[in-house]
Structure formats: structure tokens, C-alpha cells
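Inspection log for the structure reproduced underneath, given as C-alpha cells.
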2 protein chains.
Amino acid sequence: MNLLPVLEPTTDTTCCPPAEDTALGVKEAKQQALVFKALADPNRLRLLSIIKASPSGSTCVCDLTEPLDLGQPTVSHHLKVLVEAGLLQREKRGTWAYFSLAPGALDRAANLLANL
Amino acid sequence: MNLLPVLEPTTDTTCCPPAEDTALGVKEAKQQALVFKALADPNRLRLLSIIKASPSGSTCVCDLTEPLDLGQPTVSHHLKVLVEAGLLQREKRGTWAYFSLAPGALDRAANLLANL
DNA sequence: CGCTTATATTGACATCCATCAATAAGCGCA
DNA sequence: TGCGCTTATTGATGGATGTCAATATAAGCG
């Protein structure tokens, strides 16, 4: 374990420019990776896209199973992942479960990239 | 007898993203998921962050191994994943390999989210 | 040529993950 | 209450993935 001189002006050009005081910490990186993990599946991207394109803004599972050509349990699993990542909201209306984009969630995800 | 109600092939290369017809297609979703897969690892996010924060804009592997507390082959593997995802550029200078952000790559990734 | 350093590749291994079949849980209705 | 429909959960399984140790490749230097 060695310590880096944090405030050194460092015009050294050999091999080692430090400057990681602004870089992502371990904890933040792990947190942010969770969001991208949720996005890192083609079918989940399509789910988000379909829900976003829906005129009413919310869609029930029954309408999501067919276009993805996946079993109902699989779709339910993907939706759960997206909800837990904060990207979707779930609202139960009677027998049906309606999913909608969590407000600002995609913007926040995009900002993660801008602020890396 | 061909009765498919297809869209006209856009002979115009100027400006037309998928318009509005439907959500993400299977092929596009798979392609975009590759980018997010590359981003879906805490250590790769930290790599991007460190490289972005570097004053020179490029960093050699030797400077990336230590702050991540990972073995050199593992770092090399992560860097390869990021390069193949189009997020990083690799430039070999003598014995060292310098990695820098691929121009516009993070913006393009952020736009994927905005245009879902 | 050998030696040293820096990076990449290979192989192995453990863990994670997407998917499905089967089943459970909730809700509406007769 | 019991039946039918919608959604969620469980368990199993094949495949992807992150990590390391060992080794290979490559470049500079004596």
C-alpha cells in the first residue's frame, strides 16, 4: 500500500500521470454498474423501448410477453430487474400490473456517463 | 404475390433514425446491449473514469493496474472489452500501450438512452 | 544474442445470469 | 366458495463472465 502525493502539480511526462482524485470510488462504481447491468440485456432494452413508446406511458405484462417472444416468467423477471434498478415503476391495477418509466431515470443514467 | 405492408426503404441517408414505427428491433437491441455490457462492471467504469480524469487524456496499463487492485492480465482483459465496445482507443508507443477515450463514445452511449 | 520490462493471451475455475417448466399467489366474477 | 385469468416465484440448466496463474509476445537495452 502506497500513498499518492495528492496536490503535486506533476508535470512529469515519463509514464505516470496520477490524478485520480476525481475518479470513481469503489462504492460509487459498484452502484453505477448496477444500472448498466440492468441495461446490458437486449430484451430489457426492448422492454424499456416498448414501454417508452406506449401512448399511455404504461403497459401491462400481457402486452410485453408477445413482442419479445419470451415466456411470461422471463418477462416478469426482466421487469423486476428494471424496477430494482430504478428504471421502471410498477403499479398494480386490479389483476394487471402496469409498468412505466421511472421519471428521470434514463436521464440520470445518461448523466452517469457524462460525469464519469 | 407479395402483400407485405413494408415501409419504403429510406433511400435518404441524411437524417432518419427509426422514426416511430416501433420500438427497438432485435438486432439494434443486441448491438446496443453490447455497449452497456461493457459498462456493466465496476472496474471497467473506474478504468474509464481514471482515463478520463487523466490530464494527458491517455494512460498506460502500468498506471491502471495499481489503483484497481487487480492483476495485470485482468486489467488488460477489461481494457480489451472497452476497446471492442468502441469506448476506448489503444495506441502503442514503444513498450507501453496508452489508452484514451474514443472521441464521442460516451456521448453516443448516453444518446442510446435518450433515443430508446 | 540474452536480460528486463510491459502487455497480451491462454486455460482453469467459480460465480453469475437468462431462460424455461412448474407452481404459487392475487384478484375478479359467477 | 370455487373457477379462470394475470402475474410472481421457485428450481433447474446451459452459457456467459470476472479473476488469477502461467505463459507468450514484443520492445528496448547491455
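Letters A, B, ... mirror the listed sequences (proteins, then strands); counts begin at 1.
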Remember a base hit wins even if backbone is also touched, and classify A:His77 as base, sugar-phosphate or nothing at under 4.0 Å, heavy atoms.
-> base

Given C:dT19, D:dG18, D:dC20, the nucleotide with the shortest approach to the side chain of B:Thr74 | D:dC20

One should read off an interatomic distance between B:Ser76 OG and B:Leu64 CG, to the nearest 0.5 angstrom, of 10.5 Å

Whole-Å distance between C:dT15 P and B:Asp41 CG?
-> 17 Å

Should the heavy atoms of other residues, nucleotides or ligands under 6.0 Å from CD of B:Glu91 be counted, would the total exceed 12?
-> yes

DNA chain C: 5'-proximal contact among A:Ala40 and A:Pro73 (nearest heavy atom) = A:Ala40

Would you indicate, yes or no, if C:dC27 has its OP1 or OP2 atom less than 4.0 angstrom from a side-chain nitrogen or oxygen of A:Arg93?
-> no

Rounded distance (Å) that lies between atom P of D:dT17 and atom CG of B:Leu70 = 18 Å

Nearest whole angstrom, please: distance from the P of D:dC20 to the CG of B:Leu68.
-> 11 Å

Interatomic distance, NZ@B:Lys30 vs CZ@A:Arg46, rounded to 0.5 Å, equals 10.0 Å

Taking atom C1' of D:dG18 as reference, at what distance in whole Å does atom CZ of B:Arg46 sit?
-> 16 Å

Spacing of CG belonging to B:Leu87 relative to CG belonging to B:Leu34, to within rounding of 0.5 Å = 11.0 Å

Can you tell which of D:dG18, C:dA8, D:dT7 lies closest to the side chain of B:Phe99?
-> C:dA8

Picking from C:dA8, C:dA18, D:dA8, which would you name as closest to the side chain of B:Ala97?
-> C:dA8

Of B:Gly71 and A:Leu79, the one whose closest DNA chain D nucleotide lies more 5' = A:Leu79

A:Cys60 has a side chain; which of D:dT17, D:dT7, C:dA18 sits nearest to it?
-> D:dT7

Establish whether the base of C:dA8 is bridged to the side chain of B:Gln72 by a donor-acceptor pair shorter than 3.5 Å.
-> yes

So, is B:Lys80 near the phosphate of C:dT9, with a side-chain N or O under 4.0 Å from OP1 or OP2?
-> yes

Round to a whole Å and report the spacing from CG of A:Leu82 to P of D:dA8.
-> 12 Å

Atom CG of B:Leu34 and atom P of D:dT17: how far apart are they, to the nearest Å?
-> 9 Å

Length of the NZ-P vector between A:Lys92 and D:dT6, whole Å = 12 Å

Atom pair CZ/CG of B:Arg44 and B:Leu39 - distance to nearest 0.5 Å = 8.5 Å

Please determine, for D:dG30, whether a Watson-Crick or G-U wobble partner exists with both distances under 3.5 Å, and give it or none.
-> C:dC1

A:Ser58 side chain to A:Phe99 main-chain N or O, any donor-acceptor pair under 3.5 Å?
-> no

The side chain of A:Thr95 lies closest to which of these nucleotides: D:dC20, D:dC5, D:dT7?
-> D:dC5

Taking the side chain of B:His78 as its heavy atoms from C-beta onward, which of C:dA8, C:dA22, D:dG18 lies nearest to it?
-> D:dG18

Length of the NZ-P vector between B:Lys37 and C:dA18, whole Å = 7 Å

